[in-house]
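Let me begin by presenting the structure, written as structure tokens, before commenting on it.
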2 protein chains.
Amino acid sequence: MDNSHISIKDIARVAEVSHSTVSRALHDNPLISAATRARVQRLAAEMGYIPDAIARSLQTQRTGTIGLAVTSIADPFFSEIVAGIDEVASAQQLSVFVTSSHNDPEREIEVVETFHRQRVDGIIVAASKLGNRYAERLQRIRVPVVLINNHAAEKHDFIYSVSVDNQAGAKLAVQRLLDLGHRRIGYVGLGHQLLSNQHRLEGYQEALAAAGITSDPAWVAVAPPGLTGERDDVEMGRQYFPHVWEAGVSALFCYNDRVAVGALMACHEAGIAVPAECSVVGFDDINLAQYVFPSLTTVHQPRRKMGRLAMQMILELQAGEPCENQTLLPHLVVRESDRARER
Amino acid sequence: MDNSHISIKDIARVAEVSHSTVSRALHDNPLISAATRARVQRLAAEMGYIPDAIARSLQTQRTGTIGLAVTSIADPFFSEIVAGIDEVASAQQLSVFVTSSHNDPEREIEVVETFHRQRVDGIIVAASKLGNRYAERLQRIRVPVVLINNHAAEKHDFIYSVSVDNQAGAKLAVQRLLDLGHRRIGYVGLGHQLLSNQHRLEGYQEALAAAGITSDPAWVAVAPPGLTGERDDVEMGRQYFPHVWEAGVSALFCYNDRVAVGALMACHEAGIAVPAECSVVGFDDINLAQYVFPSLTTVHQPRRKMGRLAMQMILELQAGEPCENQTLLPHLVVRESDRARER
DNA sequence: TCTGGTCATGCACACGTGTGCATACGCGCC
DNA sequence: GGCGCGTATGCACACGTGTGCATGACCAGA
């Protein structure tokens with residue numbers, strides 16, 4: 001039938017009116033008489049008219065698109081966040097460009113530039129090491145920017161953020177172990193520069209201090225920086241667990257669930273029973289946590305909610321409404337990997 | 001400095017040339033003298049010019065965007081595919097719209113219409129129940145379409161696909177168990193209408209038949225249709241494992257890894273040792289498979305590769321090159337959940 | 001019949017970029 | 001000096017949609 005996309009001009013020709021009339025009729029503009037409005041709308045439906053978002057964007061200077069940059073698409077941690085964002089974006093008829101930056105600063109700059117070229121109406125960046133290196137570039141786009149679990153030290157007044165309170169989460173985990181009667185509680189962390197690492201360690205230390213326990217440095221193992229990725233995290237937990245175990249801990253708090261899973265594997269290999277001989281608590285509550293054996297007690301991050309919230313903040317900012325940074329409180333999910341200290 | 005985006009007109013004003021000259025200079029058009037070309041390019045860089053992809057798209061009728069629909073973004077199975085697509089798309093300077101359809105036909109139509117509105121240059125659909133209901137709509141967009149692991153029965157000549165050979169994969173799994181000496185081998189499947197379910201069951205049956213084993217219907221449990229999702233799959237495996245176990249099997253092949261994990265949980269609860277008393281083999285090789293206990297022997301689907309391949313097919317189709325449907329052969333990953341039959 | 005007013009529609013331009021065609025300039029040659 | 005030619009540039013239009021303003025039609029009231 002139609003060998004290409006049909007435009008309002010095509011409709012105008014058939015309806016024997018001008019394209020302006022068609023445009024107005026399709027927008028229910030009251031200037032147009034009810035009769036022609038109905039006729040045009042019927043014709044548009046019959047001809048299978050689908051508006052050209054490109055042309056509309058050029059005119060209205062709004063694209064109805066959002067740019068979403070994430071360190072790794074394949075990481076299940078982020079995909080929950082993406083799902084949350086997609087959820088509210090779809091409900092608002094917004095399209096989302098998703099791409100991953102691989103934690104590579106150069107790539108991150110490319111991504112931002114691509115978003116700029118595409119004239120997105122908003123940008124969400126999840127867990128990048130975003131520094132002030134290209135804050136200026138972001139500012140140039142003059143578009144709402146929301147960071148999720150931003151780990152950069154510097155804050156800029158035109159950039160908003162949604163994050164989880166890592167310190168409070170760590171305290172929750174350690175407090176749980178204290179409540180179970182544990183006194184010698186270890187921590188296995190990662191060595192990267194992310195603030196989350198630092199905050200969780202601080203939460204661990206403060207919770208111990210608040211309980212009147214002087215923490216032994218030998219209880220804490222932090223892997224050297226450099227490595228990153230799913231496999232690496234698990235491997236780190238596996239490798240560094242023995243260090244703290246030899247220091248005589250009866251319970252362990254890990255930077256994240258993957259490190260905890262690594263610790264569980266190390267326990268299994270060494271014949272240490274979990275939770276009978278050693279309790280293990282993780283952080284994040286990734287899906288994996290409920291399927292490993294024993295299933296992992298962990299601090300739940302409301303990832304989907306964070307995604308939704310970030311997207312909602314973009315909408316508010318677009319509407320010119322005032323907006324505040326959000327810090328969410330995580331909660332504890334108790335499963336099978338922790339138990340009261342015996343005797 | 002600049003309170004808005006700067007255009008080639010702005011550059012033209014400063015350089016005291018026409019916007020056409022700027023446009024040509026930036027494209028290294030030989031019509032422009034070397035002197036002005038250099039001057040314009042320097043100016044563009046200084047002023048921080050970033051071309052407007054929207055305006056360019058309107059003119060060139062190419063957007064440089066791809067629409068990607070996936071049943072569930074949060075599902076780690078798909079996120080690997082998305083990562084593969086993103087990998088080659090980014091390398092080609094293409095932007096990808098990602099959205100999820102939740103296996104809802106109505107939502108799928110919305111998604112396709114949105115892609116049409118955005119005038120994407122290609123569409124990739126991962127694992128939808130895509131029927132001929134909107135094949136016509138797809139055709140109207142007149143854009144390359146590639147389906148990944150398409151489970152719909154009908155094929156259309158203008159729609160291409162990348163998929164894994166489910167039957168061959170199932171045979172691989174069952175053959176492995178046969179090689180280990182097992183004779184009574186069960187299957188736990190799902191009840192949805194997807195072809196993959198049917199094909200894996202057929203592969204299972206054919207492998208048994210080829211080994212001269214008359215399969216007992218009691219060895220096969222297929223959950224009723226209706227449910228879907230990550231949790232449900234695991235729950236199905238957990239619930240239906242006892243059925244086949246009571247039929248006296250010594251080994252089990254599962255529709256996918258999640259079902260297999262459910263079976264592992266059921267074994268653990270019932271005190272059945274894996275793999276000593278019962279071998280379990282899954283399908284997909286999701287990340288979870290390597291972290292459960294015991295780690296799962298399974299059929300690996302090259303998900304990232306499938307994503308890359310699909311995107312490359314889009315590129316070839318855009319270039320007008322001929323293109324063939326791809327069927328990939330999966331391979332077996334042996335871990336700890338299977339063992340030779342005792343005695 | 002003329003005037004003033006309301007209502008429906010079209011004209012023309014805008015958004016930012018790309019491009020066919022005309023044009024202006026410079027230069028060499030007869 | 002005029003002609004022809006090649007080179008560099010600008011004009012004008014196109015892409016599809018939205019919108020301010022002018023215009024035309026129609027009608028009521030004086």
Side-chain angles (χ1 to χ4, degrees), chain A residues 2-41 43-44 47-65 93 116-121 141-142, chain B residues 2-41 43-44 47-65 93 116-121 141-142:
Chain A
D2 46 330
N3 68 347
S4 181
H5 301 281
I6 65 143
S7 71
I8 56 172
K9 287 189 183 176
D10 298 322
I11 301 178
R13 199 175 307 118
V14 177
E16 292 180 319
V17 292
S18 74
H19 80 277
S20 324
T21 300
V22 174
S23 173
R24 291 193 175 98
L26 293 178
H27 283 74
D28 283 327
N29 189 315
L31 281 180
I32 304 301
S33 73
T36 51
R37 189 189 319 168
R39 186 162 50 98
V40 167
Q41 289 184 355
L43 230 50
M47 299 172 68
Y49 170 70
I50 291 193
D52 186 330
I54 299 300
R56 181 173 291 175
S57 299
L58 185 58
Q59 167 64 230
T60 63
Q61 299 289 61
R62 277 195 80 257
T63 55
T65 61
Q93 312 264 46
H116 192 171
R117 257 200 310 267
Q118 295 286 0
R119 298 299 193 257
V120 298
D121 290 337
I141 312 185
R142 301 202 172 276
Chain B
D2 47 331
N3 65 349
S4 181
H5 301 280
I6 65 144
S7 71
I8 57 172
K9 288 189 182 174
D10 298 321
I11 301 178
R13 198 174 307 120
V14 177
E16 292 178 319
V17 293
S18 75
H19 80 276
S20 324
T21 301
V22 175
S23 174
R24 290 194 175 97
L26 293 179
H27 284 73
D28 284 328
N29 188 315
L31 281 180
I32 303 301
S33 73
T36 52
R37 189 189 320 168
R39 185 162 52 98
V40 167
Q41 289 184 353
L43 231 48
M47 298 172 67
Y49 169 70
I50 291 192
D52 186 329
I54 299 299
R56 181 173 293 175
S57 299
L58 185 57
Q59 167 65 230
T60 62
Q61 301 290 52
R62 275 195 82 257
T63 56
T65 62
Q93 311 265 47
H116 191 172
R117 257 201 310 269
Q118 295 286 359
R119 299 297 192 260
V120 297
D121 290 338
I141 312 186
R142 302 201 172 276

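Using a 4.5 Å cut-off on side-chain heavy atoms (C-beta onward), A:H5 and A:D52 make no contact. For the pair A:M47/A:D10, a side-chain contact is recorded, criterion being any heavy-atom separation below 4.5 Å from C-beta on.
Comparing the end axes of the helix from C:dT1-D:dA30 to C:dC30-D:dG1, each fitted to five base pairs by superposing C1' atoms of four pairs onto the next four, gives an inter-axis angle of 80° (nearest 10 degrees).
For DNA chain C, the contact window with chain A, defined by any atom under 4.0 Å from a protein heavy atom, covers C:dA8 to C:dG16 in 5' to 3' order.
Of the possible donor and acceptor atoms, one in the side chain of B:Q41 sits under 3.5 Å from a partner among the backbone N and O of B:A25.
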Might you work through the side chain to side chain donor-acceptor pair (under 3.5 Å) test for B:S23 and B:S20, ending with a clear yes or no?
CA-CA 5 Å; B:S23 174; B:S20 324; over 6 Å; no
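Every residue two or more places apart in sequence or in another chain was checked for a salt bridge (Lys or Arg N to Asp or Glu O under 4.0 Å) with B:R24, and none qualifies. Partners of B:Q59 under the side chain to side chain donor-acceptor pair (under 3.5 Å) rule, at least two apart in sequence or in another chain, do not exist in this structure. The salt bridge (Lys or Arg N to Asp or Glu O under 4.0 Å) check on A:R37 picks up nothing, with sequence neighbours excluded.
Across all strands, A:S23 comes closer than 4.0 Å to base atoms (heavy-atom distances).
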Protein-nucleotides 8-10 of chain D N/O pairs under 3.5 Å:
| from | atom 1 | to | atom 2 | distance (Å) |
| --- | --- | --- | --- | --- |
| D:dT9 | OP2 | B:S33 | N | 3.2 |
| D:dT9 | OP2 | B:S33 | OG | 3.4 |
| D:dT9 | OP2 | B:T36 | OG1 | 3.0 |
| D:dG10 | OP1 | B:S18 | N | 3.4 |
| D:dG10 | OP2 | B:S18 | N | 2.8 |
| D:dG10 | OP2 | B:S18 | OG | 3.0 |
| D:dG10 | OP2 | B:T21 | OG1 | 2.5 |
| D:dG10 | O6 | B:R24 | NH1 | 3.4 |
| D:dG10 | O6 | B:R24 | NH2 | 3.4 |

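Taking OG1 of A:T21 as the reference point, atom CD1 of A:I8 lies at 10.0 Å (rounded to 0.5 Å).
Considering every non-hydrogen atom in both B:T63 and B:R119, the closest pair reads OG1-O, 2.8 Å. Shortest non-hydrogen contact noted between A:G48 and A:I6 is C-CD1, 4.1 Å.
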